[in-house]
Number of protein chains: 2
Amino acid sequence: MKTNPDRIEEQIGHFRKVLRKAGVKLTHQRLVIFREVARSGDHPDAITIHRHILKKIPTVSLDTVYRTLWLLADLGLITTLGPPHGGARFDANMHSHHHFICTNCGLAHDFYSEEFDQLTVPASVGTLGTVNKRQVELRGLCSKCARKKKQSICQESEQGGVDHG
Amino acid sequence: MKTNPDRIEEQIGHFRKVLRKAGVKLTHQRLVIFREVARSGDHPDAITIHRHILKKIPTVSLDTVYRTLWLLADLGLITTLGPPHGGARFDANMHSHHHFICTNCGLAHDFYSEEFDQLTVPASVGTLGTVNKRQVELRGLCSKCARKKKQSICQESEQGGVDHG
DNA sequence: GTTTATGCAAAACCTTTGCATTTTG
DNA sequence: CAAAATGCAAAGGTTTTGCATAAAC
């Protein structure tokens, strides 16, 4: 489960297959961008990825990086951290709680669970730093978006829709 | 544990105390902004908060909302969802995994736990939507930032420092 | 009264979009 | 060769900053 070279090549095989199946062209840029995200274990943002890609393809543009990343996300080859795109979101609930997050519209709903509050921090995490807060993120499709998707298309929702070209 | 009026007034009492203790002025704007974040259970972004505040203080500016939100976060009165500010972050690790997130520098490190992979989704969440992914977020200070804080100030770090005035 | 916060305007970002050119299948 | 992706440049958003005015202690 590490980002070792063998695993990355395995992932790239899958990447090629998914692109072909989706009828999407396999360009050099797309391959290098995907490899970069797969290689780096620290969940970089678009600009960090662009900086790294520039060393391999000096002419690549930032907007290609963005377009590719959202394409890969749409194809299910990568995911994003936190709520789907948009600005910082704030939370005044300082009690131990957890979140259900809709990966389509960004809805974030609190819920409570004594079981989740008491999760034991794995020993391996101790070497990374000090844990102040344990929070479970359950990600999926909220009922509203599920309904809309069923009807036809999920284009609008309370917190803003999702659409990357 | 709901955002009912009583609980909010209780939170506001705490809010006043923390501001006084920190030697920070208690302005009308700050009070209204804090109350708005406390009131809304859906973790709004700055612009959504601003829109709501405008109904109560028609002259409030968006930059005051931002300044206030980050101030409240620094005072520990509110938190942010996901990695601390910055753009979208990408993850090519499609295996079930979990994150340690440094709330200071934004470092996000994967770790694995069979126990965490198998968390039982509470029944109450079923009404919100369909869960595709369960992911635990352990939040705290990474060892690098802890070291820097100890030395003097944590001003710089790999993924960008934190400093809101 | 002094210090601090606000509002304004402008700047600095990050992200997306339209279009001519290049590349892929 | 047709269809699609890239790079460029420009626009669209969001977030931050400097400074005069206004408000809190």
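Naming convention: chains lettered A, B, ... in sequence-line order (proteins, then strands); numbering from 1 in each chain.
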Q | Under 3.5 Å donor-acceptor pair, A:K25 side-chain atoms to D:dA3 base atoms | A | yes

>> When you measure from the side chain of B:T80 to the backbone of A:A88, do you find a donor-acceptor pair of N or O atoms at a distance under 3.5 Å?
In response: no

Checklist entry - Does the A:R134 side chain pair with the main chain of A:F116, one donor and one acceptor, at a distance under 3.5 Å? => result no

Problem set entry | Neighbour count >12 (heavy atoms, 6.0 Å) for atom NZ, A:K133 | yes

Rounded interatomic separation in angstrom, taking [atom1] from [X] and [atom2] from [N]:
X     : N      : atom1 : atom2 : result
B:L75 : C:dT4  : CG    : P     : 15 Å
B:D45 : D:dT14 : CG    : C1'   : 10 Å
B:L71 : C:dA5  : CG    : P     : 8 Å
B:R89 : C:dC14 : CZ    : P     : 14 Å
A:W70 : C:dC14 : CH2   : P     : 15 Å
A:L62 : C:dC14 : CG    : P     : 9 Å
B:L31 : D:dA24 : CG    : C1'   : 14 Å

No-hydrogen, no-angle side-chain donor-acceptor test under 3.5 Å, A:D42 and B:H109
no

* Residues A:R35 and A:E9 bridged, charged N to O under 4.0 Å -> yes

Only pairs under 3.5 Å count here: list side-chain donor-acceptor contacts from residues 117-131 of chain A, not counting sequence neighbours, and write none if there are none.
unit_1 : atom_1 : unit_2 : atom_2 : d
A:D117 : OD1    : A:S96  : OG     : 3.0
A:D117 : OD1    : A:H98  : NE2    : 2.7
A:T127 : OG1    : A:S124 : O      : 2.9

d(A:T64 OG1, A:I53 CD1) to nearest 0.5 Å is 11.0 Å

So, with a heavy-atom separation below 4.0 Å from DNA chain C, the residues of residues 13-24 of chain A are none

Using a heavy-atom cut-off of 4.0 Å across all strands, would you classify A:I47 as base, sugar-phosphate, or nothing?
sugar-phosphate

List, with names and distances, any nitrogen or oxygen atoms from the protein found under 3.5 Å away from nitrogen or oxygen atoms belonging to nucleotides 6-9 of chain C.
unit_1 : atom_1 : unit_2 : atom_2 : d
C:dT6  : OP1    : B:T27  : OG1    : 3.0
C:dT6  : O3'    : B:Q29  : NE2    : 2.9
C:dG7  : OP1    : B:Q29  : NE2    : 3.0
C:dG7  : OP2    : B:S61  : N      : 3.4
C:dG7  : OP2    : B:T64  : OG1    : 3.1
C:dG7  : N7     : B:D63  : OD2    : 3.2
C:dG7  : N7     : B:R67  : NH2    : 3.0
C:dG7  : O6     : B:R67  : NH2    : 3.2
C:dC8  : N4     : B:D63  : OD2    : 2.9

All heavy atoms of A:V65 vs all of A:A46, minimum pair found to be CG1-O, 3.8 Å

Ranking B:G87 and A:H28 by the position along DNA chain C of their nearest nucleotide, the one closer to 5' is B:G87

task: Just say parallel, tilted or perpendicular for the rings of B:H99 and A:H43, cut-offs at 30° and 60°.
output: perpendicular

